[in-house]
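Each remark here refers to the structure printed beneath this line.
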Protein chains: 2
Amino acid sequence: MPSFPELDDFIDRLRQTGHRVTMERMHLFREVYNQHGHLDAEALLEALKAKGRKISRATLYRNLELLAELGFVRKHRLGGNRYLYEHVHPGQRHDHIVCGRCGRVAEFVSPAIVAMQREIARAHGFDPEVHTLQIHSQCLDCGDG
Amino acid sequence: MPSFPELDDFIDRLRQTGHRVTMERMHLFREVYNQHGHLDAEALLEALKAKGRKISRATLYRNLELLAELGFVRKHRLGGNRYLYEHVHPGQRHDHIVCGRCGRVAEFVSPAIVAMQREIARAHGFDPEVHTLQIHSQCLDCGDG
DNA sequence: CTCAGTGCAAACGATTTGCAAGCTA
DNA sequence: TAGCTTGCAAATCGTTTGCACTGAG
């Protein structure tokens, strides 16, 4: 199984935190990092199954939670009923804009908006350093007008 | 049952759109408009029950959906697993900042952020006129440091 | 050899739906 | 009366959990 820097980081973190390095975790991690964009649990499960990597739904959810705790993935509720997961991009913080109809998600980076988030958080008793933002809109070609 | 302007509007809209004016709808509407802030279905159900207004869970959900369609309430998924509903305030558009720990929600109005939402929506093929925004943060006193 | 991790299936919580009965128009 | 609405209970959907088995260390 080919290795890559983030996978090695992950393995180190697992050891540091007293977790075991299991096949399931390796496969899941690779899948999350090889995919672009935002994936739900079902999509990951299918992708893994398609590659012959068996992993149960329970283990998938448990490990997505672990990956989030260890800071390797972010878990978003971008509308809809399911969580979407994305691997953390080193450095570039981005936010999301989502179509309320079809669920399409686009990423954007806006330092100006980040600055405002901080200010608003501060003004309302929230931690200015912890914040993610999402915009709910509608695709132009997604109907309604 | 005392009347108020929004309730009359609601009744008119019901008739215009070929819906019936039922007791359940009147009670739910009053409850939603008499409460401040963001309510979930369960809270509304209990509030109504406490006042002796019987309404079934199914009817509650069906009518919250109707209220949203008719533009009297907004339905938000502010994190968590349940939807929160709030009655539409005439005029003042606001957005939300939510604590990822305790779920506390604060409202804010920021014309500057609204302007940026428009721009970002436009830049990514979304409708600049349709957008709501939410910030996910953490209460300062809600732990973590 | 031990206990964290896994798979399975059952449990869960919020919301939705099918159907017979009730009530508005 | 006609058929939109309601209530009830069962069904869904995504996610979580209990428990006995498996495998990493």
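In what follows, chains carry the letters A, B, and so on, assigned in the order in which the sequence lines appear, proteins first and then strands, with residues in each chain numbered from 1.
Proximity of B/Arg118 to B/Glu129: side-chain heavy atoms (C-beta onward) are separated by under 4.5 Å at one or more points. Side-chain atoms of A/His27 and A/Lys51, non-hydrogen and from C-beta on, never get closer than 4.5 Å to each other.
Close to D/dG14, at under 4.0 Å from its OP1 or OP2, lies no side-chain N or O of A/Arg57. In this model, the phosphate group of C/dG7 is approached by a side-chain N or O of A/Thr59 to a distance below 4.0 Å at OP1 or OP2. Between A/Thr22 and C/dA4 there is no side-chain N or O to OP1 or OP2 distance below 4.0 Å.
Note on B/Glu42: nothing from the nucleic acid sits closer than 4.0 angstrom, heavy atoms only. Base contact: A/Arg20 has a heavy atom under 4.0 Å from a base atom.
Across the protein-nucleic acid pair, A/Arg82 atom CZ and C/dT15 atom P stand 17 Å apart, rounded to whole Å. Distance, B/Leu48 CG to D/dT6 P: 13 Å, rounded to whole Å. The nearest whole Å value for the distance from the NE2 atom in B/His27 to the C1' atom in D/dG7 is 15 Å. Protein atom OH of A/Tyr83 is 12 Å distant from nucleotide atom P of C/dA14, rounded to whole Å. For the pair A/Leu14 CG and D/dA24 P, the computed distance is 13 Å after rounding to whole Å. Atom-to-atom, CZ of B/Arg77 to C1' of C/dT15 comes out at 9 Å; the value is rounded to the nearest Å. Between A/Leu70 atom CG and C/dG5 atom P the separation is 11 Å, expressed in whole Å. For B/Met26 and D/dT6, the CE to P distance is 10 Å, given to the nearest whole Å.
Annotation: B/Arg104, atom CZ; neighbour count of heavy atoms from other residues, nucleotides and ligands within 6.0 Å is above 12. Within 6.0 Å of NZ in A/Lys75 there are more than 12 heavy atoms belonging to other residues, nucleotides or ligands. Counting non-hydrogen atoms of other residues, nucleotides and ligands closer than 6.0 Å to NE2 of A/His36 gives a total of 12 or fewer.
Remark on the helix from C/dC1-D/dG25 to C/dA25-D/dT1: inter-end axis angle 20°, axes from five-pair C1' superpositions, rounded to 10°.
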Item to complete: Could you please spell out the steps behind the salt bridge (Lys or Arg N to Asp or Glu O under 4.0 Å) verdict for A/Arg57 and A/Glu42?
Response: CA-CA 8 Å; A/Arg57 208 174 302 269; A/Glu42 203 56 35; 2.5 Å; yes
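Of the candidate nucleotides C/dT6, D/dT5, D/dG7, D/dT5 has the atom lying nearest to any side-chain atom of B/His19. Out of D/dG7, D/dG25, C/dA9, the shortest distance to the side chain of A/Ala58 is found at C/dA9.
Distance CZ/B/Arg13 to CG/B/Asp8: 14.5 Å, rounded to 0.5 Å.
No salt bridge links B/Arg53 with B/Glu31; every basic N to acidic carboxylate O contact stays at or beyond 4.0 Å.
A/Glu69 and A/His19 share no donor-acceptor pair across their side chains, judged by distance under 3.5 Å alone.
Between B/His124 and A/Phe108, the angle of the ring planes lies from 30° to 60°, which puts this pair in the tilted group.
Residues from residues 60-69 of chain A lying near DNA chain C, meaning a heavy-atom separation below 4.0 Å, are A/Arg62, A/Asn63 in numerical order.
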